[in-house]
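Remember, predicted model here, so these are calculated numbers, not experimental data. Excluded from the calculations below are hydrogen atoms, water molecules and symmetry mates; all remaining heavy atoms, backbone and side chain alike, are included.
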Amino acid sequence: MRVGMGYDVHRLGPDRDLILGGVKIPYELGLIGHSDADCLAHAIMDSLLGAAAMGDIGKHFPDTDPAYKGADSLKLMAHVKGLLDEAGYQIVNIDATIIAQKPKMAPHIPEMREKMAGVLGIGVDQLNVKATTEEGLGFTGEGLGISCQSICLLENRRVGGIEHV
């Protein structure tokens with residue numbers, strides 16, 4: 001069993017879509033970044049890569065590479081899932097938190113869970129997403145950005161090069 005944690009943050013700004021967990025959320029501001037800036041998907045990918053000792057999303061999808069400009073983070077997540085599969089890892093569970101003052105996330109969380117669980121090939125009951133504010137404190141509390149945290153548990157089905165079920 002391997003545990004990984006991930007964290008990502010993006011600044012909010014005009015003329016961008018707000019996408020979290022692959023879901024476009026109606027809001028006057030969006031997250032700024034090289035890709036679609038889906039910090040929830042990014043934090044989850046980093047936790048998965050970390051648990052597998054495979055680096056981080058910056059290593060796999062550098063923001064200096066024009067190929068990832070505007071990239072759909074769920075497509076990047078599918079690539080991470082492929083890396084885990086190749087190495088024999090199975091996702092046991094993921095627990096993630098969105099930290100944002102606005103907008104309210106609760107109405108969108110079921111769709112986020114469904115979309116990401118589908119990409120990762122796991123049950124919705126293996127992927128928890130919750131949201132909190134910071135009571136007006138810090139950059140997220142002031143509405144300047146959104147941050148996300150994730151922790152995951154992986155199991156390696158290969159022992160000595162042999163897959164065990």
Side-chain angles (χ1 to χ4, degrees), residues 1-10 17-25 31 33-65 67-100 104-134 140 145-165:
M1 301 294 240
R2 314 255 325 232
V3 175
M5 62 94 44
Y7 173 82
D8 196 43
V9 60
H10 284 277
D17 289 332
L18 176 56
I19 299 171
L20 289 169
V23 175
K24 185 176 173 182
I25 299 169
L31 293 171
H34 185 66
S35 66
D36 62 7
D38 184 338
C39 65
L40 178 58
H42 296 178
I44 289 172
M45 286 188 285
D46 266 347
S47 70
L48 295 168
L49 290 166
M54 293 181 178
D56 60 18
I57 60 173
K59 172 185 172 183
H60 293 274
F61 316 110
D63 63 6
T64 55
D65 188 335
Y68 302 115
K69 180 142 180 71
D72 178 341
S73 291
L74 292 190
K75 289 183 181 175
L76 304 180
M77 185 179 276
H79 179 79
V80 169
K81 169 64 170 148
L83 295 173
L84 295 175
D85 289 345
E86 287 174 24
Y89 288 105
Q90 180 177 342
I91 299 168
V92 177
N93 76 304
I94 299 167
D95 186 28
T97 304
I98 303 165
I99 304 158
K104 291 290 183 191
M105 298 294 164
H108 309 286
I109 288 175
E111 186 180 0
M112 291 176 195
R113 291 177 66 207
E114 287 176 26
K115 282 189 171 209
M116 292 187 296
V119 169
L120 294 170
I122 60 175
V124 174
D125 63 334
Q126 293 173 271
L127 173 58
N128 187 56
V129 175
K130 54 197 178 292
T132 189
T133 69
E134 289 196 298
T140 56
I146 293 176
S147 67
C148 295
Q149 300 175 358
S150 173
I151 188 165
C152 73
L153 181 63
L154 299 182
E155 179 179 28
N156 195 323
R157 304 297 301 256
R158 294 186 187 151
V159 178
I162 301 168
E163 182 128 352
H164 296 272
V165 180

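Minimum interatomic distance between K115 and G21 (heavy atoms only, all atoms of both residues): CB-O, 3.9 Å. The shortest heavy-atom contact between K59 and G55 is CD-CA, 4.2 Å. In this structure, R2 and A52 approach most closely via the heavy-atom pair NH2-C, 4.1 Å. Nearest heavy-atom pair, I94 versus C152, reported as atom, atom and distance to 0.1 Å: CG1-CB, 3.9 Å. Taking each heavy atom of A51 and L154 in turn, the nearest pair found is CB-CD1, 3.5 Å. Of all non-hydrogen atoms in I109 and V129, the two that sit nearest each other are CG2-O, 3.4 Å.
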Derivation of the side-chain contact (heavy atoms from CB on, under 4.5 Å) call for L84 and L48: CA-CA 8 Å; L84 295 175; L48 295 168; 4.0 Å; yes

What verdict does the side-chain contact (heavy atoms from CB on, under 4.5 Å) test give for V119 and K81, after you've listed the backbone C-alpha separation in whole Å, the side-chain angles of each residue and the deciding distance to 0.1 Å? CA-CA 8 Å; V119 169; K81 169 64 170 148; 5.5 Å; no

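One finds the CG atom of D36 at 9.0 Å from the CG atom of D17 (value rounded to the nearest 0.5 Å). Annotation: the span from M116 atom CE to S150 atom OG amounts to 8.5 Å, rounded to 0.5 Å. To the nearest 0.5 Å, atoms CG (N156) and CE (M1) are separated by 11.0 Å. Between atom CD1 of residue I98 and atom CD1 of residue I25 there is a gap of 6.5 Å, rounded to the nearest 0.5 Å. Within the model, atoms CG of L40 and CG of L31 stand 10.5 Å from one another, a figure rounded to the nearest 0.5 Å. A distance of 10.5 Å separates NE2 of H79 from CE of M45, quoted to the nearest 0.5 Å.
Looking only at side-chain heavy atoms (C-beta outward), V80 and M54 stay at 4.5 Å or farther from each other. In this structure the side chain of I151 never reaches within 4.5 angstrom of the side chain of S47, judged on heavy atoms. Using a 4.5 Å cut-off on side-chain heavy atoms (C-beta onward), H42 and C148 make no contact. Residues L83 and H60 form a side-chain contact, since some pair of their non-hydrogen atoms from C-beta on lies under 4.5 Å apart. Here the side chains of L20 and M112 are in contact, with some heavy-atom distance below 4.5 Å. Two residues are said to be in side-chain contact when any heavy atoms from C-beta on lie closer than 4.5 Å; R113 and V23 fail this criterion. Contact annotation: the side chain of D38 never approaches that of M77 to less than 4.5 Å [non-hydrogen atoms, C-beta and beyond]. No side-chain heavy atom of I57 sits less than 4.5 Å from a side-chain heavy atom of L76.
The side-chain hydrogen bond (donor to acceptor under 3.5 Å, both in side chains) test with D95 singles out one residue from Q126, K130, Q149, and that residue is K130. In summary, of the residues considered (D65, T64, D72), a side chain to side chain contact (heavy atoms under 4.5 Å, CB included) with Y68 occurs for D65 alone.
When the shell of 6.0 Å around NZ of K75 is examined, it contains 12 or fewer heavy atoms from other residues, nucleotides or ligands. The environment of K24 atom NZ is sparse: at most 12 non-hydrogen atoms of other residues, nucleotides or ligands sit within 6.0 angstrom.
For the 3.5 Å distance criterion, the side chains of D63 and H34 fail to qualify, holding no donor opposite an acceptor.
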